[in-house]
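Working notes for the structure below.
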Amino acid sequence: MERLTVAVPPAYDVVVGVGALGAVADAVGARRTVAVVSQPGVLAAHGDPVLAAVAATGARVVVTPIADGEDAKSLATVEALTREWAAAGLLRGDAVVALGGGVVGDTAGFAAAVYHRGVPVVQCPTTLLAQVDAAIGGKTAVNLPEGKNLVGAFHQPVAVLADVATLATLPEREFRAGLGEVAKYALMDVGPDSTAVAALLDARCDAVLARDPAALADLVARCAAIKVRVVSDDPEERTGLRATLNYGHTLAHALETVGHHDLHHGEAVAVGLVFAGALAAALGRIPDPAAAHHRDLVAALGLPTVAPGLPAADLLAVMHRDKKAHGGLTFVLRGPDGLTAVDDPPAPALDAAFAAVGIDA
Ligand code: GLY
């Protein structure tokens with residue numbers, strides 16, 4: 001089992017490996033009441049040992065399920081959850097356990113951030129995407145009809161338990177989509193502190209795609225180590241470092257919005273990475289083979305490299321509204337100094353990058 005420490009006040013551990021959920025009792029500690037937020041399918045697959053372990057601490061366990069799907073990531077769900085917690089007498093010294101993927105982690109995390117102005121939350125991610133990214137670092141949010149993640153808060157968990165055994169039951173498309181965030185780490189992780197995600201994928205791609213537990217434990221731990229390092233250095237995205245975790249995400253968010261979520265988030269990130277590589281090459285920031293490596297890696301993971309059929313003008317309009325933008329267009333791109341924000345690239349470079357992902361400018 002790998003244990004990584006996020007160095008924020010108060011510090012907390014990210015436990016990665018087969019059986020990491022076994023640490024849930026320790027993570028919860030001594031509480032009078034613990035609310036477990038999950039979804040029916042996740043509860044059926046992974047709930048019993050978690051509920052039993054929490055009950056064995058002597059806590060009263062209250063299960064507050066939410067619905068599946070992105071629509072459940074809403075203020076209405078937050079209201080329903082917090083009202084159930086209030087009815088159950090959950091107090092500030094009690095705790096919430098979020099057992100599930102990004103929808104559960106984000107929604108339960110945000111509800112925990114605002115209930116009694118903050119109750120402790122243990123994040124137990126059960127999808128690849130949540131294990132390598134969403135569950136670590138305390139970003140919590142729900143959606144508004146006007147856009148994704150528009151209402152949120154930083155609320156660091158007291159622990160993250162990433163049990164790779166839970167990945168065995170993920171639907172294939174959801175598992176592959178998680179590899180989009182893995183590809184992000186592989187392509188952003190080029191400095192002297194590299195945890196060699198790309199080298200692991202080169203050596204053990206088949207084992208990863210076959211969901212070999214040892215390969216997945218190694219992969220998730222290496223990705224999580226990058227996230228832990230970045231979050232520890234820039235927990236609230238103030239220095240620009242944490243924004244580099246959005247590599248590939250500027251186009252990805254636009255693809256999701258304009259395409260009305262036909263692409264899963266990780267699939268959109270995969271296309272966004274190919275775009276970011278091509279844009280960096282068109283700007284002369286990286287050599288052409290480095291851009292080709294973006295495409296090859298994404299393709300090797302069975303993820304889309306193109307997103308034809310979406311109008312560039314619509315994508316550009318959405319990208320202008322990106323959270324990172326300051327009125328123009330801002331991308332996180334590789335270059336001689338590593339990953340940095342690049343404002344307003346010239347139109348010919350943008351056209352070349354759109355062409356690289358099959359979009360007519
Ligand atoms: N997913 C990007 C971040 O946590 O900052």
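Quick note: numbers below take in every heavy atom, side chains included, and nothing from hydrogens, waters or symmetry partners. Since we're looking at a predicted model, the values are computed, not measured. Note that ligands are numbered from 1 as they come in the structure, with each ligand's atoms numbered from 1 the same way.
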With a distance cut-off below 6.0 Å to the six-membered ring centre and an angular limit of 45° from the axis, does R222 pair with Y185 as a cation-pi contact?
no
May I ask you to say whether E267 pairs ionically with R173, meaning some side-chain N is under 4.0 Å from a carboxylate O?
yes
N or O contact, K227 vs ligand 1, cut-off under 3.5 Å:
yes
Give the residue and atom name of whichever protein heavy atom lies nearest to atom 5 (O) of ligand 1, and the separation in Å to one decimal.
R242 NE, 2.7 Å
Is there a path of hydrophobic side-chain contacts, each under 4.5 Å between heavy atoms, that joins L161 and L167?
no
Subset of ligand 1 atoms that lie under 4.0 Å from at least one heavy atom of L245
2 (C), 3 (C), 5 (O)
Within the 4.5 Å heavy-atom criterion, are P346 and L283 side-chain neighbours or not?
yes
Does ligand 1 come near enough to D133 that some N or O of the ligand is less than 3.5 Å from an N or O of the residue?
yes
